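Bear in mind that the values here come from a model prediction, so they are computed numbers and not experimental data. Indexing begins at 1, ligand by ligand and atom by atom, following the structure's order.
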Amino acid sequence: MTNNIPLKIAGVGYSLPKTVVTNDDLTKLYDTSDEWIYSRTGIKERRVVSGEENAVDLGFDAAQKAIEKAGINPNEIDLIIAASSAPPELYPAIACHIQSKLGIEAHIPAFDITAACSGLLYGMQIGRAFISSGIYKNILIVATDNNSRLLDWSDRGTSILFGDGAGAMVLTPSDDGIDDIIAIDIKSNGSIGEYISLPLPGQNCPLVEPCSTKKFQIYMNGKEVYKFVVKILPGYIVDMIEQAGMKAEDIDYLIPHQANQRIIDAVQDRLGYSDDKVISNIKYYGNTSAASVPIALAEGVEKGKIKLGSTAILCGFGAGMTWGAAIVRLREGIC
Ligand code: COA
């Protein structure tokens, strides 16, 4: 088996539902205010799915854009990995739906991973291992979530935060020997998993015992998540940069998970970055979970906030608790 084949980030894309829910709209659901939400999170509005639209549709749209930018035919894809924390169903996997929607008839592998808002980073690490070892060539990662269907819309501490959306990335072997992933790392700490959870409904066999079931909705202890992330994330990123033999100023952009503007600010402060180096769109989309980093990347390029031919640090964290970061090269033409 060939080893250490360098990889290229060949294309990225994103997709958002059209329906906008503003902070003012939320005041119709519970006692809150635009001022309370914006000052604590940086969020003004979020997008939500409507009708029959779901994470598969958003993911398919984002995937098509990323594949087009990568300049490959869907039939050249060897593996699809989908990352989602709020999928429309547990199975079939989102990745299998996307294989079908892309019209890929070959029996390629397609599977979902559950790493919540670290999903893109987890997908990239898995994809890198497959490309590096020569097992698969063209890998599609789709990070997509329809959080709005699984939120408790009476829980004002949680439902203010999340929105829906999708991002996608195509990884291929690099044709010039340059690896676009300069450094990558993923982590988890299952002992604090209760900070954010989405228990499936279910009950024991009635022949065994009667029992109650939890509601199928997202639970979050926002305060503990906040404390944990602010404690570990800035140092984790600084260590990764150091271990890569780089300095913060060697990297052009920080593209963080969009969970809370105050968390983004904490990382920005630690890196000493000016505002133009930090990509933030949380004001308009809220926290789109797995989709948040690839949306920030693809939209940042589209809106001219990110110039290509540059380097960036991507970072994510979420339920699990999971977290991860990558220092990447962003080539011309990926978006
Ligand atoms: N509007 C008005 N008041 C609200 C409110 C809302 N939307 N949500 C909560 N409150 C109230 C609470 O009831 C509480 O009132 P009390 O003191 O009278 O009991 C008070 O505000 C403080 O609540 P608390 O939950 O401690 O707020 P907080 O300062 O921790 O802010 C978050 C809540 C969710 C904004 C914040 O914890 C956060 O952003 N955490 C990070 C979550 C995250 O990043 N999750 C995603 C990970 S991928």
Side-chain angles (χ1 to χ4, degrees), residues 21-46 55 83-87 113-123 143-148 150-165 167 186-190 192-198 217-234 236-237 255-268 280-283 285-296 314-325:
V21 173
T22 66
N23 290 346
D24 284 334
D25 292 334
L26 294 180
T27 63
K28 293 172 201 152
L29 293 179
Y30 37 64
D31 182 17
T32 190
S33 67
D34 176 55
E35 195 280 327
W36 196 98
I37 300 171
Y38 185 62
S39 62
R40 279 168 184 79
T41 67
I43 299 167
K44 280 270 179 195
E45 57 190 49
R46 70 285 295 140
S84 186
S85 36
I113 54 173
T114 305
C117 312
S118 316
L120 179 78
L121 278 309
Y122 269 65
T144 183
D145 270 304
N146 46 223
N147 291 305
S148 66
L150 298 168
L151 286 164
D152 171 0
W153 285 104
S154 65
D155 175 1
R156 64 179 182 166
T158 303
S159 57
I160 51 164
L161 223 57
F162 293 93
D164 302 335
I186 50 176
K187 296 251 185 292
S188 72
N189 178 355
I192 48 172
E194 77 277 7
Y195 287 178
I196 317 176
S197 64
L198 176 57
Q217 63 189 30
I218 297 168
Y219 295 87
M220 182 181 75
N221 183 335
K223 213 172 242 338
E224 290 306 323
V225 172
Y226 185 84
K227 282 197 293 198
F228 173 73
V229 175
V230 166
K231 192 168 146 209
I232 62 134
L233 195 65
Y236 172 67
I237 291 172
I255 308 176
H257 172 40
Q258 311 283 310
N260 181 312
Q261 187 60 44
R262 289 186 296 158
I263 295 175
I264 297 174
D265 292 344
V267 179
Q268 174 175 355
S280 172
N281 60 19
I282 189 168
K283 188 171 176 183
Y285 309 133
N287 178 348
T288 54
S289 298
S292 116
V293 177
I295 293 175
L314 317 179
C315 65
F317 57 88
M321 293 293 291
T322 59
W323 62 101

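When only modelled atom types and interatomic distance are considered, Asp25 and Thr22 share a side-chain donor-acceptor pair under 3.5 Å. Side chains of Asn260 and Thr41: no donor on one and acceptor on the other come within 3.5 Å. A side-chain donor-acceptor contact under 3.5 Å links Asp145 and Ser85.
Residue-to-ligand polar distances keep Thr41 apart from ligand 1: every N/O pair is separated by 3.5 Å or more. Ligand 1 has no nitrogen or oxygen under 3.5 angstrom from a nitrogen or oxygen of His257. Annotation: Asn260 places an N or O atom under 3.5 Å from an N or O atom of ligand 1; distance criterion only. Looking at Lys223 next to ligand 1, an N or O pair under 3.5 Å apart turns up.
Asp152 contributes a side-chain N or O that, together with a main-chain N or O of Ser154, makes up a donor-acceptor pair within less than 3.5 Å. A distance-only check finds no donor-acceptor pair linking the side chain of Arg46 to the backbone of Asn287 [under 3.5 Å].
Of all the atoms in ligand 1, the ones that sit under 4.0 Å from a non-hydrogen atom of Gly157 are 8 (N), 34 (C). Atoms of ligand 1 found under 4.0 Å from any heavy atom of Ile160, numbered from 1 in the order shown, are 7 (N). Distances below 4.0 Å separate heavy atoms of Cys117 from the following atoms of ligand 1: 48 (S). Numbered from 1 in the order shown, with element, the atoms of ligand 1 that lie under 4.0 Å from a heavy atom of Ala259 read 44 (O).
Judged as a salt bridge (charged side-chain N to carboxylate O under 4.0 Å, His left out), and not counting sequence neighbours, Asp265 has no contacts.
Atom 25 (O) of ligand 1 lies below 4.0 Å from none of the non-hydrogen atoms of the protein. Remark: atom 46 (C) of ligand 1 lies closer than 4.0 Å to at least one protein heavy atom. Within a 4.0 Å radius of atom 1 (N) of ligand 1, the protein contributes one or more non-hydrogen atoms. Protein non-hydrogen atoms do reach within 4.0 Å of atom 39 (O) of ligand 1.
With a heavy-atom cut-off of 4.0 Å, Asn287 touches ligand 1 through its side chain alone. With a heavy-atom cut-off of 4.0 Å, Ile196 touches ligand 1 through its side chain alone. Counting heavy atoms closer than 4.0 Å to ligand 1, residue Leu161 contributes side-chain atoms (C-beta onward) but none from N, CA, C or O.
Annotation: side chain of Ser280 is in contact with side chain of Gln258 (closest heavy-atom distance under 4.5 Å).
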